[in-house]
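Here is the structure we will look at, set down as structure tokens.
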Amino acid sequence: MRSRRTFIQNAITVAAGLAGASRLFGMNRPRASNRCTNSTPLPVVTPDVKDLPFTIDNGVKVFQLTAEPVRRKIAPWKTIDCWSFNGSCPGPTIQVNQGDRVRIVLENHLPESTAIHWHGLEIPYAMDGMPYLSQRPIAPGSRLAYEFTVHQNGTFFYHSHSPMQQMMGMVGLFILHPPKAHVPAVDHDFGVVLQEWAVLPNNTVPNTANMEWNWLTFNGAVSPMTTPLVVRLGSRVRIRFVNIGMDHHPIHVHGHTFVVTGTEAGRQPESLWGPANTVLVGVAQARDIEFVANNPGEWMLHCHMPHHNMNAMSDLLGDRMMMTADMEDERALRQMQTLADRAGFEHVHHAPIAPSANQVPGFPQDAFMDMGMDEAVAKPENNGLPRNWSAMMMGMMTLVRVLPPDLYERVMRDVSSGYIAPLPPAAGHSHHHEGGAE
Ligand SMILES: [Cu+2]
């Protein structure tokens, strides 16, 4: 129990997730991106989040969830106190098959009562998770079993129905697989949970009553700590987004055109698949997008709300102020280095500014905000990215790495073995001392 509580999600690799999911579905799938030959749906990979294992009891898939507080590292320099399922925020991903009978036992280790709602599932009223209506609140230290048969398929989620507990992080993906993969079949299937947090400067506890959010996460991590989605060039990719917060998120992918193949109610008819490159994932909604990754590159996938692709967005207070407090280039750089030393970054640099910058009304806007932290977020999935790639990666953002087969194989081998490649030489990177001001 203790180890679960202190479990740090960002140590989990995609490889572990894949291996776990393959075991979960009893599949023998040595290579992640091979299209299924038997039309069995691929397990969904939730980067930075584990799958929830199960046992079988008389044909019923039995899952154990524990609602409990956890310290979650959302950025290399920011850890928050949120509420979780099984020490995971967002909660572990549940994956079952359409038609399965499932039993989910919720044990409450929170200091207050709770319950779980199964968002969008057409299940008996008694299982709906509504305290005082369909059930008694689950008191601290007690447990309750939910049991139902799932007859739908698609991207669903589970969450506490208490608004404040939701904003403390109590949500997780609930994937219902169809008996046969939807056509056209995908080669990669990812899940991404969108969350926002209001953590005031020098605090670790989210302010769930706030209306202004300063940390925006994909699967519980802000960029550049998010683990990229690594896909093979030419493969068909599905990404499932779920939003259980206070804000809407227009999710945008670079370099590709996708279709929206599903909502929180399951698969959409093909006649509704209009082309797009941005999908609005509203509160309480799920959206599945699919595209052919036919354009090689390190493509951004991010919420396009300007403040949602920033970290520590808190007016000009607190932790953001640390980076912008001094408008002199040299002193600002020293301040950034001080912060970086404290947070364990190993190098800091930023984009060039003009010698006359301080005479321009409005300065600074972006200057001093982009901080490279490649070392602090190094992981096999990032192998081969250019030096200082992490500098403009912030907030609700990750990369879709569309890699040619040889490079894809190499990165996936690294993911399996846990090998982290040395950073490429710094030579080519832009720095204000190296020719920024003409
Ligand atoms: Cu957003």
Side-chain angles (χ1 to χ4, degrees), residues 9 46-49 72 74-75 78 80 82 89-91 119 155 157 159 163-164 166-173 190-200 206-229 238-258 260 262-264 276-289 291 299-317 319-320 365-366 369-370 377 390-400:
Q9 283 168 305
T46 317
D48 302 310
V49 174
R72 174 64 156 111
I74 59 170
K78 191 73 181 178
I80 65 173
C82 51
C89 180
H119 192 101
T155 305
F157 46 109
H159 62 84
M164 301 311 225
Q166 286 164 28
M167 294 313 294
M168 285 295 281
M170 296 183 66
V171 59
L173 278 166
F190 297 101
V192 178
V193 178
L194 317 176
Q195 291 171 287
E196 64 260 355
W197 311 89
V199 190
L200 296 176
N207 179 353
T208 57
N210 208 316
M211 295 294 288
E212 189 179 76
W213 315 100
N214 57 352
W215 296 92
L216 288 296
T217 55
F218 275 169
N219 290 337
V222 301
S223 193
M225 214 177 77
T226 46
T227 297
L229 316 183
R238 179 186 295 135
I239 311 176
R240 307 158 183 257
F241 301 100
V242 156
N243 177 8
I244 185 79
M246 282 284 293
D247 253 330
H248 304 284
H249 302 291
I251 303 295
H252 177 58
V253 64
H254 288 204
H256 292 82
T257 300
F258 58 71
V260 179
T263 72
E264 67 280 355
N277 53 56
T278 305
V279 60
L280 185 64
V281 188
V283 172
Q285 292 185 326
R287 289 292 179 270
D288 296 352
I289 66 166
F291 58 96
W299 301 106
M300 278 203 183
L301 172 71
H302 66 99
C303 176
H304 222 297
M305 292 273 275
H307 291 181
H308 292 186
N309 43 79
M310 293 166 66
N311 289 335
M313 177 62 205
S314 195
D315 290 334
L316 287 171
L317 292 172
D319 31 11
R320 183 177 172 222
Q365 294 298 328
D366 258 357
M369 288 189 67
D370 34 319
V377 297
S390 57
M392 275 301 282
M393 301 291 294
M394 290 182 276
M396 242 182 206
M397 185 179 283
T398 190
L399 292 175
V400 180

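Note that ligands are numbered from 1 as they come in the structure, with each ligand's atoms numbered from 1 the same way. Residues take their numbers from the sequence shown, with the count starting at 1.
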I251: which of I289, T278, L194, L280 passes side-chain contact (heavy atoms from CB on, under 4.5 Å): L194

Heavy-atom closest contact (N277 atom, H256 atom, distance): CB-O, 3.7 Å

Write down the atom of L229, the atom of L301, and the distance for their closest heavy-atom approach. CD1-CD2, 3.9 Å

Quick check: does any side chain N or O of N243 sit under 3.5 Å from a backbone N or O of A284, one acting as donor and the other as acceptor? no

Under a 3.5 Å cutoff, is there a donor and acceptor pairing between the side chains of H308 and H302? no

Report yes or no: do E212 and H307 form a side-chain donor-acceptor pair below 3.5 Å? no

Could you grab the protein N, O or S atoms closer than 2.8 Å to the Cu ion (ligand 1) for me? H249 ND1, C303 SG, H308 ND1

